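Counting convention: from 1, in listed order, for ligands and their atoms alike. This structure is a prediction, so every number in the text was calculated from the model and none was measured.
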Amino acid sequence: MLVGVLLSALAAVHGSSALGSKCSSAMTKGTKASSAPFWLNSMPTRGSSSFNSNSSYSVRRSVKDFGAVGDGKADDTAAFNAALSSGGRCGAGCDASTLTPLVLYVPSGTYKISSPINVLYYTVMIGNPGNPPTILASANFTGAALVDADPGYYVNQNNFYRSIRNFVIDMRQLPVTAVMNGIHWQVSQATSIYNVRIEMSRASNTGHVGLWMENGSGGFFGDITINGGAIGLNMGNQQFTVRNVVVNYAQVGIYLHWSWIWLFYQITITNCKVGFHIQTGSTSASQATGATIIADSSITNTGTFLETSTNQPGSLKSAYAVDNVVLKNVTTGISDMKGNIALAGGSKTISQFIQGTIYSGSSTTGKYTRASVTGVTRPSVLVESGRFISRPRPQYATYDISQFVSVKALGAKGDGVTDDTAVLKSIFAQYSGCKVIFFDAGTYIVTSTLTIPAGTQMIGEAWSTIMGSGSYFSNPLSPQVVVRVGDAGSSGVTEISDMLFSTRGPAGGAIVMEWNVRDPSGSKGAAGMWDCIIRIGGADGTNLLAENCPTSSYSAACMGAFLGLRLTKQSTAYIEGLWIWTADHDIEDGPQINVFSGRGLYSESQGPVWLIGTGSEHNVLYQYNIVGAQNHFLGIIQTESPYYQPTPAPPAPFTINSAYNDPTSFSTPGDSWALRIKNSSNVLVYGAGLYSFFNNYDQSCVNPATCQDQILDIDSTSSKITILGLSTVGVVNMLSYNTKATISQSPNRSGLQSSVMKWTK
Ligand SMILES: *[C@@H]1O[C@H](CO)[C@@H](O)[C@H](O)[C@H]1NC(C)=O
Ligand SMILES: *[C@@H]1O[C@H](CO)[C@@H](O)[C@H](O)[C@H]1NC(C)=O
Ligand SMILES: *[C@@H]1O[C@H](CO)[C@@H](O)[C@H](O)[C@H]1NC(C)=O
Ligand SMILES: *[C@@H]1O[C@H](CO)[C@@H](O)[C@H](O)[C@H]1NC(C)=O
Ligand SMILES: *[C@@H]1O[C@H](CO)[C@@H](O)[C@H](O)[C@H]1NC(C)=O
Ligand SMILES: *[C@@H]1O[C@H](CO)[C@@H](O)[C@H](O)[C@H]1NC(C)=O
């Protein structure tokens, strides 16, 4: 296929730019003429997959180059699936691979399909955000879903790297009663859906479902509108963060059938029969939902706001919290299906309603509650009009192609071999603040610290990678930063999206990212990062793979990083969709591996900090360490302890470094802290899923919940801390106070996980 036809005359200018003097005009807004194409459509395709032996593999394609017509009449199914699969991509028979990333661009139009579009592993599917393309199911459509992220090929907990943005999914030509899903999204970490509208039948007997997931380990999605359907969102997954979903005219807006921990916030439900249905209180051995949080939402002209499935609580206990939810003309507030009403309807604001156990401070006993309780005091710096702030990912829909520069056009190689440090430094020096810096797909090697100045807007292409490599990053006793975002104390609108930050081992001294930048005064959430990944090992090019880092061994060559992400004292940050993953397995070949990264996310920030839909896994000392910090909103966080622990036990193979406020004691038999909050105030955790699945690779500890003794520690010098929704797996004690075990998992057990709905101090 001639992907080169995407090249427009304007874009060619960007192919020949030479570095000159710093551009003068600061860029505040887009200048695209309304008739001009979306910038991505005009950007030449220079992206590559650095470690794919097929040097002609094309990372970005337009569906039009594969024969899609988009006139609402032609059947475009084959064109989509050819565009998604050609070039030896990871589909049926392939569990996973980082070698065939793809950005599939879909211009405006109506694309009729008669069977599913299979969004294979490592696919980013982008429609024109200015006028999103429609994917229209033909009346004779057959298959499980219009858009399918797992047609049965993948292990659901390892189904990573997928994003869909800017589409309309139209199911209205299907028979009204057809049982059909708009999107099947059985996925795990590093996945997102943004800016999608799903149109379904509004008939009361319809079988249409907007978004369906049965399991997995996600994830984040947001900015979704759903009209009609039997169910808007039909959800089952270990954990998920869902922000800004609008559901109108559905029979059930959101149906949650299983989970460990889940956050729904900024949900708007109008004209539905039931707003939320949470499957609770299962009396069978199979678990239903764990802890669910519904926050900052509004429900209007709806029969029942929240319906639970059986009489409460049942033998397996489900917990939920309703936090700052406005009801307008709602017949019933909260009720089970037997008609037991827990909260009346009407028009009112629910400050907080809890079903579940509430604990506080050092108390070892909780109080089972099913009632309205005092809500959370939210620091004003974290909210706008009383709600936690929300910032959609930047897509630059109104920006003209002339407002972008391509790093490859400017001489960066991104080939996974060449040292790009100097050229990237000069690109940032010249273009930060006056052009959007486009990182064409590729792996950009840096051998010393690369500073991304405050005021930079940059965007990657299916997680373009900046990789720290070489001796500068190898000494764990003298840690060095790979990517520094802003100098200490600097401020400016700073936007990073669709990027991956990594290391090439050995790199035990690498601080993968140090975040210093802060919001310009008077703005909130202007310095941020969206849909990014910090990945240590497990992928080709890292030298941290099965052949040199087998399980049950320590090798100095397998030191991957000192620290994943550091938020420094003066920084502020809006971070949505970030996965800090120290590899537990080799993605290319499958086996488990021993890769050592010292620390996950370390924050000393005075805030405001919003961490929305983040995860941190398999780091040695801790996954999240919040010390001397304030004004943080964390919703939700998900962690896993390293599989090899306690062999070795932390801090091994690292040493404790007091300059980084490392913890000095660890859980028995030798495991990391998932979350540690010390000397901090106003830290609001809306959902924590903290898991320990192994004891030196043995999983027999999971069901008895004995993989580790403690996992979450909060110290007595911290104040104004709220944990709203805590679920743990494999751990004896759910929460510790001054490192003393306080909340036991055993009374709070519900299926595999244990859940507590609220802890305050
Ligand atoms: C290499 O990539 C090109 C472009 O994507 C594709 O057409 C070709 O089939 C690929 N070759 C193999 C062996 O996968
Ligand atoms: C389904 O309808 C499309 C036109 O919308 C047509 O091209 C296709 O052949 C039909 N498929 C079947 C199996 O009837
Ligand atoms: C995930 O869901 C599918 C479909 O319901 C089911 O077949 C499979 O067993 C589930 N897997 C896990 C691990 O729950
Ligand atoms: C209240 O909501 C019901 C649907 O539950 C709707 O039929 C009715 O028109 C609404 N009333 C007003 C005043 O909007
Ligand atoms: C606690 O944190 C504050 C910053 O919020 C810091 O100034 C103070 O020194 C810390 N106290 C201790 C004992 O570490
Ligand atoms: C949690 O433990 C308390 C006792 O502290 C118990 O009353 C409550 O039922 C448990 N909650 C759940 C969800 O199992």
Side-chain angles (χ1 to χ4, degrees), residues 1-6 45-63 65-67 82-91 93-94 97 99-105 120 122-123 202 204 247-253 269-275 298-305 307 326-333 335 344-348 379 381 441 462 567-572 602-609 625-632 658-664 676-683 714-721 738:
M1 286 311 130
L2 255 186
V3 184
V5 297
L6 291 174
T45 52
R46 302 185 180 90
S48 59
S49 173
S50 302
F51 309 106
N52 187 333
S53 58
N54 180 359
S55 58
S56 63
Y57 177 79
S58 60
V59 174
R60 178 153 44 89
R61 307 165 186 176
S62 167
V63 74
D65 294 333
F66 289 77
L84 286 160
S85 62
S86 80
R89 298 199 69 237
C90 182
C94 166
S97 168
L99 299 182
T100 52
L102 176 67
V103 172
L104 181 66
Y105 180 63
L120 304 182
Y122 232 120
T123 297
R202 299 183 185 188
S204 60
V247 188
N248 305 304
Y249 304 106
Q251 299 304 300
V252 178
I269 304 245
T270 310
N271 291 314
C272 292
K273 199 171 269 169
V274 172
S298 68
I299 319 292
T300 305
N301 297 349
T302 285
T304 301
F305 154 44
E307 171 187 88
V326 178
L327 307 186
K328 288 180 204 144
N329 180 30
V330 170
T331 315
T332 304
S335 170
S347 294
K348 59 181 165 196
V381 293
L567 305 178
T568 57
K569 281 198 175 98
Q570 296 168 78
S571 69
T572 68
Y602 167 44
S603 180
E604 294 172 285
S605 168
Q606 301 306 296
V609 166
N625 188 23
I626 297 177
V627 186
Q630 45 177 330
N631 298 323
H632 282 44
S658 59
Y660 290 82
N661 278 307
D662 281 345
T664 52
R676 177 172 179 258
I677 301 175
K678 192 172 160 63
N679 180 31
S680 296
S681 67
N682 279 310
V683 176
I714 301 166
D715 86 328
S716 54
T717 69
S718 294
S719 61
K720 299 180 184 157
I721 313 293
N738 289 331

Handout entry: Ligand-side contact atoms (ligand 1) for residue partner Tyr57, heavy atom cut-off under 4.0 Å
Key = 2 (O), 4 (C), 5 (O)
Practice task
Give a yes-or-no answer on whether the side chains of Asn248 and Asn271 include a donor-acceptor pair shorter than 3.5 Å.
Solution key: no
Handout entry: Residues in side-chain contact (heavy atoms from CB on, under 4.5 Å) contact with Thr331, at least two apart in sequence or another chain
Key = none
Problem - Ligand-side contact atoms (ligand 1) for residue partner Arg61, heavy atom cut-off under 4.0 Å - result: 5 (O)
Practice task
Check whether the side chains of Tyr602 and Arg676 place a donor and an acceptor atom closer than 3.5 Å, and report yes or no.
Solution key: no
Exercise for the section: Decide whether an N or O pair under 3.5 Å exists between Asn329 and ligand 4. Expected result: yes
Handout entry: salt bridge (Lys or Arg N to Asp or Glu O under 4.0 Å) partners of Lys328, counting only residues at least two apart
Key = none
Problem - Thr100 side chain near Tyr122 side chain, heavy-atom distance below 4.5 Å - result: no
Handout entry: Nearest heavy-atom neighbours spanning Leu104 and Val63
Key = CD1-N, 3.8 Å
Exercise for the section: Show which atoms of ligand 1 fall inside a sub-4.0 Å distance from at least one heavy-atom site of Ser56. Expected result: 1 (C), 2 (O), 3 (C), 4 (C), 5 (O)
Exercise for the section: Please confirm whether Ser58 comes within less than 3.5 Å of ligand 1 when only nitrogen or oxygen atoms on both sides are compared. Expected result: yes
Problem - Nearest-0.5 Å distance that lies between atom NZ in Lys569 and atom OG in Ser603 - result: 11.0 Å
Handout entry: Asp715 side, atom CG; Lys678 side, atom NZ - distance, nearest 0.5 Å
Key = 5.0 Å
Once you restrict both partners to nitrogen or oxygen, which atoms of ligand 5 have a protein partner under 3.5 Å, and how far apart are they?
{"residue": "ligand 5", "atom": "2 (O)", "partner": "Asn679", "partner atom": "ND2", "Å": "2.3"}
{"residue": "ligand 5", "atom": "5 (O)", "partner": "Gly628", "partner atom": "O", "Å": "3.1"}
{"residue": "ligand 5", "atom": "11 (N)", "partner": "Asn679", "partner atom": "ND2", "Å": "2.9"}
{"residue": "ligand 5", "atom": "14 (O)", "partner": "Asn679", "partner atom": "ND2", "Å": "3.4"}

Completion exercise
Sorted by chain and residue number, the salt bridge (Lys or Arg N to Asp or Glu O under 4.0 Å) partners of Glu307 (sequence neighbours excluded) come out as none
Problem - Per-atom contacts of ligand 1 with Gly87, taking only distances under 4.0 Å to non-hydrogen atoms - result: 6 (C), 9 (O), 10 (C), 14 (O)
